[in-house]
Protein chains: 2
Amino acid sequence: MAEKKLSLHLDFHSGLPIYTQIVNQIQNQLANGTLMPGDQLPTVRALAQELRVNFNTVARAYRILDEARIISTQQGRGTYITEILLPYVAEKLRDESLAALTKRYVDEAIRLGFSEREISQMVRDNLKSAKEAKDK
Amino acid sequence: MAEKKLSLHLDFHSGLPIYTQIVNQIQNQLANGTLMPGDQLPTVRALAQELRVNFNTVARAYRILDEARIISTQQGRGTYITEILLPYVAEKLRDESLAALTKRYVDEAIRLGFSEREISQMVRDNLKSAKEAKDK
DNA sequence: ATACAATGATACAATTAGTACAATTAAAGG
DNA sequence: CCTTTAATTGTACTAATTGTATCATTGTAT
């Protein structure tokens, strides 16, 4: 069975617990199609070794996703993305992941004292640059 | 993980509270580059032992620095110098910080597969929510 | 003496790691 | 084939590490 590579990047100083970061990133990859229903995830031990964390930390993330019915963990067999991931669930996940990302950004920018105007202008500029870089 | 040594020198007869001395000296080391963003500080217990004070005194100093957003203390994980700490920086650096923050956000959102339209819409929504939360 | 600030003691909570175990699968032996 | 055995995988429970919260003690100024 095709076992996905799952390149996750952890930030050990971000304030977010490791297991939360794993949960979020798997949700993101599911939201943007990097992961598909039926895909097998790395084993808890394999992913733990790759991320240099204890395998129980990965197991905790998997358990959270399992309880949310996003993945299915099966003792002795492995861990898989749930087959029947209804389209609206996928869409919801996708929306939530952008919403969460954006909220972190906006809150941080506001906390740093930037105005609504400054923020939206800077976002516009960056989107424009990103688009030009892509078109080139 | 690189855990800084943090040679602090306390003066128990100076009249300045211990926790204040700890706060000041960490700020100094940050100002002169001895400490850098991302660095892990000693645990409250480790630093307390080194300084021969109660760990709650160190915790108090850390809490003050945390509230000032200079460090980030995380229960169960440790204490780190904040990656982006900038209510304090000069106005010139202020723009650069928003630009950097925004670039990270936009790049990440694009990497996750969201469209320019979705991103700007989500930013608008979040700015609106943030404003309403503030006005309330 | 009283009030208050600083420090210490103790118990707690969150995160991650360690160890032993159970379920499943696959391989080996007959 | 069928049974046994080993390997792989997730689970459960416990321990270790770290910061937090609350209250007691100490010292000093008034």
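Lettering of chains follows the sequences in order, A, B, ..., and the numbering in each one begins at 1.
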K.L.:
May I ask you to decide if A/M122's main-chain N or O and A/N126's side chain share a donor-acceptor pair within less than 3.5 Å?
P.N.:
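Judged by distance alone, yes, a pair lies under 3.5 Å.
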K.L.:
Without swapping roles, check the side chain of A/T102 against the backbone of A/L98 for a donor-acceptor pair under 3.5 Å.
P.N.:
yes
K.L.:
Please determine, by modelled atom types, if B/T79 and B/Q74 share a side-chain donor-acceptor pair under 3.5 angstrom.
P.N.:
no
K.L.:
Could you state the atom-to-atom distance from CZ of B/F12 to C1' of D/dT28 in whole Å?
P.N.:
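Result: 18 Å.
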K.L.:
Just by distance, do the side chain of A/Q21 and the backbone of A/I18 share a donor-acceptor pair under 3.5 Å?
P.N.:
no
K.L.:
Rounded to whole Å, please give me the gap between CD in B/Q21 and C1' in C/dT7.
P.N.:
13 Å
K.L.:
Could you check whether any side-chain heavy atom of B/L6 comes within less than 4.5 Å of a side-chain heavy atom of B/Q25, counting everything from C-beta outward?
P.N.:
no
K.L.:
What's the CZ-C1' distance between B/R63 and D/dT18, to the nearest Å?
P.N.:
16 Å
K.L.:
Measure CD1/B/I64 against C1'/D/dG19 and give the value in whole Å, please.
P.N.:
15 Å
K.L.:
When the distance from CD of B/E67 to C1' of D/dT20 is rounded to whole Å, what number comes out?
P.N.:
12 Å
K.L.:
Verify, without hydrogens or angle tests, whether B/D66 (side chain) and B/T73 (backbone) share a donor-acceptor contact under 3.5 angstrom.
P.N.:
yes
K.L.:
Check side-chain hydrogen bond (donor to acceptor under 3.5 Å, both in side chains) between A/D11 and all other residues, then give those that pass, not counting sequence neighbours.
P.N.:
none
K.L.:
Measure from OH on B/Y62 to P on D/dG19 and round the result to the nearest Å.
P.N.:
7 Å
K.L.:
If the plane angle is over 60° it's perpendicular, under 30° parallel, otherwise tilted; pick one for A/Y105 and B/Y105.
P.N.:
parallel
K.L.:
Starting from Watson-Crick (N1-N3 plus N6-O4 or O6-N4) and G-U wobble pairs under 3.5 Å, report the runs of at least three that DNA chain C belongs to.
P.N.:
C:1-30 with D:1-30
K.L.:
Check the distance between D/dG19's P and B/Q49's CD and give it to me in whole angstrom.
P.N.:
14 Å
K.L.:
What one-letter contact string describes nucleotides 16-26 of chain C from 5' to 3', where B marks a base within less than 4.0 Å of any protein heavy atom, S marks contact via sugar-phosphate atoms alone, and - marks no contact?
P.N.:
BBBB--BBBS-
K.L.:
For A/T43 and D/dT8, is the shortest distance between a side-chain N/O and OP1 or OP2 below 4.0 Å?
P.N.:
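It does not, given that no N or O in the side chain of A/T43 lies less than 4.0 Å from OP1 or OP2 of D/dT8.
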K.L.:
Expressed as a whole number of angstroms, how long is the span from B/D11:CG to C/dT7:P?
P.N.:
12 Å
K.L.:
Phosphate oxygens OP1/OP2 of D/dT20: is one of them under 4.0 Å from a side-chain N or O of B/T73?
P.N.:
yes
K.L.:
Is the backbone N or O of A/V53 less than 3.5 Å from a side-chain atom of A/T57, with the two atoms forming a donor-acceptor pair by type?
P.N.:
no
